[in-house]
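Here the structure comes first, spelled out in structure tokens, and everything after it is commentary.
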Number of protein chains: 2
Amino acid sequence: MRIGELAERTGVSVRALRYYEEQGLLAAQRSESGQRHYEEHAVGRVRLIQQLYAAGISSASILEMLPCVVTGVGAPHVIDKLRGHRSSVVKQIEELQETLLQLDNVIVSATAAYETGRPCPPS
Amino acid sequence: MRIGELAERTGVSVRALRYYEEQGLLAAQRSESGQRHYEEHAVGRVRLIQQLYAAGISSASILEMLPCVVTGVGAPHVIDKLRGHRSSVVKQIEELQETLLQLDNVIVSATAAYETGRPCPPS
DNA sequence: GCTACCTCTGACGTTAGTGTCAGGTTTCTA
DNA sequence: TAGAAACCTGACACTAACGTCAGAGGTAGC
């Protein structure tokens with residue numbers, strides 16, 4: 001498929017896909033005229049990249065661990081890095097859960113305050 | 001307390017604290033000479049701001065919802081925004097949990113591959 | 001073969017949250 | 001009271017992941 005279709009199927013912009021290629025994260029075949037052509041599995045790859053980005057992992061780190069993620073084989077130092085990212089993700093989840101509690105707290109009391117007309121500061 | 005102490009106690013840089021003030025997120029008393037002085041509760045406020053930033057909420061949004069977070073009173077449209085942020089946080093948590101599973105998967109198979117010498121692609 | 005749409009490269013712009021530096025004032029400690 | 005350390009404003013720098021634009025060429029339906 002061409003870049004536009006990949007963009008549409010993954011929900012990622014064409015610009016972002018070219019950027020991934022620039023960073024070495026996503027390869028493409030080229031037609032004679034220079035247009036990019038992607039295999040089916042590029043869809044999964046793009047989703048994986050997006051997930052890792054969302055986890056706050058930089059493109060340089062993703063680049064380093066991608067072969068390992070794809071092939072399942074990795075040198076010890078790469079595995080160490082993966083473990084490091086793992087614990088950072090765990091930490092992020094914990095922090096977000098705490099934020100969620102705070103937001104809930106605020107939403108409940110603000111809603112109550114509005115409904116009753118009586119301000120009621122969150123605990 | 002002065003800005004240096006607040007920075008140390010919150011783990012946030014002096015520069016960042018001044019930036020929060022610039023954005024209207026964090027007020028300070030000023031001494032005659034112009035130095036900032038913070039109350040004790042500024043510590044909690046800074047941590048809250050950091051949490052919201054970590055949840056991907058922009059300073060403009062934080063500014064809008066901060067009075068509500070602090071006082072527990074909010075207009076309906078602010079409460080709506082809070083609910084919007086809440087669901088975005090929930091989504092982030094879910095995505096991070098999925099990422100965690102993927103990382104675990106990779107770590108396990110890469111470790112096994114290294115230990116046995118037999119590459120074993122992740123499922 | 002015309003038209004509309006897609007794609008190419010290259011380059012500069014954007015946003016957010018700082019880092020850093022300069023040049024000057026204030027506060028603390030010995 | 002001197003010197004060190006902390007603080008002030010203002011300004012420019014930086015990073016990351018793109019957005020956007022220009023100008024040119026490629027592709028597909030009729």
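In what follows, every heavy atom counts, from backbone to side chain, and hydrogens, waters and symmetry copies are set aside.
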- [ ] Go through D:dA6, C:dC8, D:dC18 for me and flag the one nearest to the B:R2 side chain.
- [x] D:dA6
Open item on the list: Any salt bridge linking B:E40 with B:R9? Criterion: basic side-chain nitrogen under 4.0 Å from a carboxylate oxygen.
Closed with: yes
Task: Phosphate contact (D:dC18 OP1 or OP2) by A:Y20 side-chain N/O below 4.0 Å - done: yes
Open item on the list: For the backbone of A:I107 and the side chain of A:T111, can you confirm whether one donor and one acceptor N or O come within less than 3.5 Å of each other?
Closed with: yes
- [ ] Name the nucleic acid region contacted by B:Q50, choosing base, sugar-phosphate or nothing; use a 4.0 angstrom heavy-atom cut-off, strictly under.
- [x] sugar-phosphate
- [ ] Tell me which nucleotide among D:dC18, C:dC8, C:dT18 gets nearest to the side chain of B:Y19.
- [x] C:dT18
TODO: Could you tell me the separation between the CG atom of A:L26 and the P atom of D:dA17, rounded to a whole number of Å?
DONE: 15 Å
- [ ] Apply salt bridge (Lys or Arg N to Asp or Glu O under 4.0 Å) to B:R86 and list each qualifying residue two or more places apart in sequence or on a separate chain.
- [x] A:D104
Task: Distance in angstrom units between A:Q23 CD and D:dA16 C1', rounded - done: 9 Å
- [ ] Taking only the side-chain nitrogens and oxygens of A:S59, find out if one of them lies under 4.0 Å from OP1 or OP2 of D:dA16.
- [x] no
- [ ] Find the distance A:M1:CE to D:dT27:P and express it as a whole number of Å.
- [x] 18 Å
Open item on the list: I need the CG-P distance between A:L25 and D:dA16, as an integer number of Å.
Closed with: 13 Å
- [ ] Could you pick out which residue, A:V14 or B:E32, lies toward the 5' side of DNA chain C when each is mapped onto its nearest nucleotide?
- [x] A:V14
Open item on the list: Any side-chain N or O of B:S13 below 4.0 angstrom from OP1/OP2 of C:dG19?
Closed with: yes
TODO: For B:H37 and C:dC28, give me the distance from atom NE2 to atom C1', rounded to whole Å.
DONE: 13 Å
Open item on the list: In whole Å, I'd like the distance from the OH atom of A:Y38 to the P atom of C:dT7.
Closed with: 10 Å
Distances under 3.5 Å only, N/O to N/O: pair up the protein atoms with those of nucleotides 20-25 of chain C.
residue	atom	partner	partner atom	Å
C:dT20	O4	B:R15	NE	3.2

TODO: Return yes if some donor-acceptor pair links the side-chain N/O of A:Q35 with the main-chain N/O of A:R2 below 3.5 Å, else return no.
DONE: no
- [ ] Check the surroundings of atom CD in A:E8: do more than 12 heavy atoms from other residues, nucleotides or ligands lie under 6.0 Å from it?
- [x] no
Open item on the list: Does C:dC8 have its OP1 or OP2 closer than 4.0 Å to a side-chain nitrogen or oxygen of A:R36?
Closed with: yes
Task: Verify same cluster id: B:V69, B:V90 (apolar side-chain graph, 4.5 Å) - done: yes
TODO: Mind calculating the distance between CD (B:Q29) and C1' (D:dC7) to the nearest angstrom?
DONE: 17 Å
Pair up each side-chain donor or acceptor in residues 57-67 of chain A with any protein partner under 3.5 Å, not counting sequence neighbours, and list the distances.
residue	atom	partner	partner atom	Å
A:S58	OG	A:S61	N	3.2
A:S59	OG	A:Q23	OE1	3.3
A:E64	OE1	A:K81	NZ	3.2

TODO: Would you kindly give the CD1-to-P distance between A:I3 and D:dC18, to the nearest whole Å?
DONE: 13 Å
- [ ] Identify, between A:G4 and B:Y53, the residue whose nearest nucleotide on DNA chain C lies closer to the 5' end.
- [x] A:G4
